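Accompanying notes for the structure given below.
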Amino acid sequence: MSTTPTLPADTQDEPAPAVPERKPPARDRYFDLLRAVALFRVVFYHLMGWAWLPVVFPSMGVMFALAGNLMARSLKRPALQVVRGRLRRLLPPLWLLGAIGVTGMLLQGWGPGSDGHPGWWWLHLTFWILPLSEPSAPETMPGVHGFLGEDWAAQLAVPLWYVRAYLWYVLLSPLLRKALRALPWPTILAPIALTGALSWGWISMPSERIDSAVLDFATFGACWLLGMAHHEGVLKRLPRYVVPSVAPAVAAVGLWYALHHGFRTGHDLDDIPFGQALWSFATVLLLLHLSPTWTEWPRRLRRWDRLITLLNSRAVTIYLWHNVCIVVAAMLWDRLWGFPVLETHFSWLLESSWPVLVVVWILVAGCVVCFGWAEDLAARRRPRLWPDGSKRQSGRAGTHRA
Amino acid sequence: MASRTNRRTARKTRRTGGSTAARRRRLPLRHLLPLLLLLALAAMLMLRGYVHSEILADHRIRPETTADHVPEKILEGGPVIDTRGPKATTLDVPDHRIVLTFDDGPDPTWTPKVLDVLRKHHAHGVFFITGTMASRHPDLVRRMAAEGHEIGLHTFNHPDLSLQTRKRIDWELSQNQMALAGAVGIRSSLFRPPYSSTASALDDHTWPVTRYVGSRGYITVLTTDDSEDWRKPGVQEIVHNSTPKNGKGAIVLMHDSGGDRHQTVQALDRLLPELKQRGYRFQNLTEALDAPSAHTEVTGPDLWKGKAWVFLVGASDTITDVLVVGLAVIGFLVLARFGLMLLLSGIHVRRTRRKGFTWGPDAPVTEPVSVLVPAYNEAKCIENTVRSLMRSEHPIEVLVIDDGSADGTARIVEDLDLPNVRVVRQLNAGKPAALNRGIANARHDLIVMMDGDTVFEPATVRELVQPFADPRVGAVAGNAKVGNKDTLIGAWQHIEYVMGFNLDRRLYDVLRCMPTIPGAVGAFRRSALDRVGGMSDDTLAEDTDITMAIHRDGWRVVYAEKARAWTEAPESVQQLWSQRYRWSYGTMQAIWKHRRALVERGPSGRFGRVGLPLVALFMIVAPLLAPLFDVFLFYGLVFGPTGKTIAAWFGVLGIQAACAAYAFVLDRERLTPLISLPLQQLLYRQLMYVVLLQSWITALTGGRLRWQKLRRKGQVAAPPGETPASRQAGKQAVDQGAAR
């Protein structure tokens with residue numbers, strides 16, 4: 001399992017052009033900051049693999065909460081229209097990834113014969129178009145020597161569970177909102193109970209695909225619902241002492257559960273769904289409780305404005321492509337072992353992951369330039385190369401981010 | 001104990017601010033002292049945990065492996081291995097000589113017994129001591145050396161050295177030597193690795209360690225005969241295992257530590273005479289080998305370092321014992337207090353909620369009441385306060401005493417133009433002076449005092465004065481409640497207030513030693529006030545001061561639970577800090593001021609001998625010991641036993657929660673704020689005792705002088721209504737005390 005990004009669909013797309021004279025609702029910079037930190041953490045974690053990183057900042061929960069919040073905000077319009085809008089913005093970047101990735105896989109010999117019955121292969125291929133289940137990819141491929149490892153296709157597909165989960169949350173959101181309005185807290189807590197029931201085997205699913213889909217949905221469902229609840233004002237109705245009193249206790253139980261279920265590097269919160277569900281729920285609850293609603297950056301964060309804006313406006317691209325970037329960067333860095341001087345004197349540098357992080361972000365920047373336009377297309381915007389919100393392009397950027 | 005509400009002095013303090021230079025000079029001390037104390041305490045606890053092998057202990061043992069790299073002549077050689085030079089040599093113990101060796105000691109129970117048996121049979125042996133045990137029992141090591149035994153090293157805390165780095169091995173040896181030097185003043189060149197046995201059992205992991213230790217100048221002493229006494233196989237078996245075959249020399253492995261060793265002692269008592277009869281001699285190693293002693297004298301810095309170490313370990317053990325006793329005391333106090341509170345508040349509730357209960361012969365009290373509202377810069381709240389009084393069901397007159405406000409508080413009240421509301425203005429002179437002025441201007445004999453930021457219910461005044469139906473009652477405490485309990489800090493104070501008023505007050509009421517009438521809601525008989533000379537500014541807690549004075553004058557002070565007043569609790573940590581600092585420091589001042597009551601006769605003596613110790617114990621001594629909870633909680637969490645520590649913590653929390661829930665039920669409060677109780681135990685309680693510690697430091701460092709100065713002023717107690725211009729200086733001195 002892996003971690004989450006924001007989707008461009010997350011970024012606030014209130015229809016400013018429709019009512020030009022009205023000032024568009026101000027962007028909550030606090031949410032932007034959370035989204036950027038979450039995205040950075042995801043890339044960082046996928047490279048380093050440190051088990052404690054998801055504990056320090058549970059990116060996925062945060063991202064789903066932010067997305068849920070935006071979904072709830074959009075739902076004041078007719079549900080069908082909102083869902084269609086969300087899908088329109090979610091899918092094109094995925095299609096672009098699929099067009100390039102699947103073409104590569106086919107070129108390297110992946111075909112209807114490699115997945116048992118050809119019928120299954122064709123069915124699973126459709127998930128690259130509408131990811132109701134996880135799009136499939138072969139475990140090993142020949143790769144490109146010294147450039148792409150043989151697991152590139154599998155790595156490419158690693159982040160796609162998020163798209164699948166997001167899709168289902170979007171599809172079910174109108175329903176979820178109804179439930180939330182009728183019975184706020186039972187609704188929010190239900191996914192955690194479902195996670196527990198699945199983890200302890202009280203409920204079992206007919207197939208692995210369905211099982212992983214339901215489990216992911218349950219694990220982060222509470223976070224998505226918390227995001228919606230935040231917009232619906234459910235949290236505001238609680239006395240202010242409740243959240244800081246309860247959240248640490250929930251977090252402690254989550255951590256305790258994780259520690260008693262083999263928490264270690266290589267077996268972290270991602271592999272302990274119930275611990276993940278509790279820990280993410282508690283963290284998100286606290287973060288939303290704090291929610292200071294910045295319409296403007298606090299002085300100290302102002303200098304990060306452009307970077308955070310860029311991360312926010314290209315979140316889906318970065319998320320979808322970062323794992324391939326990591327595979328390539330690691331391969332490229334390993335080629336340095338071929339230089340005897342470096343091997344004898346700088347082996348510590350070659351072993352270190354930190355320079356690879358730099359390479360990864362350079363490659364990610366390349367992906368933003370090459371593939372980022374798909375997000376603009378999906379949002380029916382003029383494509384831009386480097387949308388960091390700087391003055392040069394503020395003409396349109398101002399409205400799109402409104 | 002939430003007994004009172006915030007007094008205006010907090011804000012005044014900020015204004016009078018005073019000598020910033022003096023404050024800055026003192027600032028480090030008040031942080032430094034507790035910090036140093038805490039650090040020293042932590043260091044001592046760590047040291048103790050360390051020498052008790054609770055910290056940094058490594059219990060892993062490496063499984064045996066091949067012995068391809070161990071020289072043949074070592075594997076088949078004698079038990080004493082000398083690898084100091086380039087060529088490793090081994091030595092055997094000559095025939096008919098036995099070297100008894102005892103590992104892992106000294107142990108306070110078994111080592112003396114082993115030594116006794118050896119002395120009884122005039123036998124010598126070798127004790128391989130660990131640094132941890134030697135540091136804790138230096139006297140036993142001294143006895144070993146004095147009785148002719150040899151001492152060898154067995155590392156500091158008994159890890160398997162083949163798993164350790166060379167640095168750690170060096171450190172294990174030098175720490176062990178340091179403990180030995182500290183105990184006896186000698187070094188030893190004998191060494192036995194933990195988990196070792198015979199030379200033939202050396203393998204590719206342990207041999208390098210032996211070589212390395214040799215290169216550091218040590219002779220490794222292994223064994224020939226393992227008594228296996230650690231398995232407690234029975235005396236017969238130990239004797240059998242320890243008897244060498246065919247009159248050969250032997251090094252016998254025994255243990256004088258690590259569990260019940262009575263079999264070892266009994267086996268020795270049989271083994272020694274039996275083998276002596278067979279012509280064996282029991283000698284220490286160098287005697288048996290006819291070599292010079294393995295001990296060398298230590299002098300200079302090494303000796304002092306060793307002595308300091310042993311002293312520190314001893315001190316850490318003592319301190320820990322004291323702390324454990326302290327923990328037991330505080331644990332007992334807390335539980336006893338909870339028990340007492342539940343019992344006595346139960347009695348109080350039964351008594352006052354009984355059907356047909358009346359306070360006294362004059363019930364019901366209907367005579368009019370003067371309500372004094374001292375106000376300093378209360379522009380925001382004063383209108384609510386006064387309007388709430390207008391809804392009173394009891395006939396009242398309201399006196400707002402404006403203590404030189406700069407924000408037009410007096411004008412606001414005057415503009416309300418309400419009947420029965422008068423405004424008295426004075427130059428800023430402090431709350432006691434304002435109250436005295438109010439008393440002088442009040443028309444009625446029953447006087448209610450409240451704060452300018454407090455709101456009364458319509459029934460509050462009536463309920464508050466009902467106890468005056470009993471002519472012996474001189475003052476009444478009402479039930480102050482937190483109005484702003486929405487935030488975390490508000491909810492914590494809410495819990496504190498509800499417990500403080502529904503448990504503590506009832507307890508004090510039943511024991512007749514109520515320490516404080518809250519400034520937010522209290523009622524007094526004018527005659528009582530007059531007899532004790534009105535309010536005084538001798539202390540920072542004038543309400544505690546006056547309550548104690550009234551007690552000493554022989555009046556009863558009671559609690560009226562239905563007289564509820566809603567007050568605004570501090571919303572920032574800083575405000576809360578300064579409020580509580582004044583409370584605790586003021587309470588200390590008041591107790592000090594009334595200390596003579598302890599030896600007086602009559603009601604004053606009764607209060608002095610029951611009330612004062614109780615208040616001092618629960619409000620000043622017990623909170624001082626409270627940090628022990630957290631020290632041991634932290635220690636237990638980090639170094640174990642973690643499970644038991646957590647269970648104990650939850651146990652105490654459960655009791656707290658039960659008491660709190662009882663208090664909430666008594667007050668008919670919703671129980672939901674109690675969910676913040678666990679966090680309160682982890683954050684809020686600590687804040688409270690740090691504040692108290694600060695008061696103690698103030699009292700012990702700068703406070704005394706000021707007290708005496710104030711005491712002198714106290715003797716010229718001003719009659720009610722005196723113009724307090726001349727007292728302003730004194731007041732400011734006190735406020736600066738608070739600011740420090």
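Owing to the predicted nature of the structure, the values given are computational and were not obtained by experimental measurement. Computed over heavy atoms, backbone and side chain alike; hydrogens, waters and symmetry mates excluded. Order of the sequence lines fixes the chain letters, A, B, ..., with proteins taken first and strands second; residue numbering starts at 1 for each chain.
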_Would you say that A/Tyr241 contacts B/Ile489 through its side chain, given a criterion of any heavy-atom pair below 4.5 Å between the two side chains?_
no

*Select one option (side chain, backbone, both, neither) describing which atoms of A/Val242 are under 4.5 Å from chain B's heavy atoms.*
both

*Is B/Glu571 atom CD crowded by more than 12 heavy atoms from other residues, nucleotides or ligands, each under 6.0 Å away?*
yes

_A/Arg300 CZ: over 12 foreign heavy atoms closer than 6.0 Å_ = no

*Against chain A, label B/Leu679 side chain, backbone, both or neither, depending on which of its atoms sit under 4.5 Å from a heavy atom there.*
side chain

*asked:* So, taking the atom named CG in B/Asp486 and the one named CZ in A/Arg240, what distance separates them when rounded to the nearest 0.5 Å?
replied: 5.0 Å

*asked:* When you compare the side chain of A/Pro239 with that of B/Thr672, does any pair of heavy atoms fall below 4.5 Å?
replied: no

*asked:* More than 12 heavy atoms of other residues, nucleotides or ligands under 6.0 Å from CH2 of A/Trp304: yes or no?
replied: no

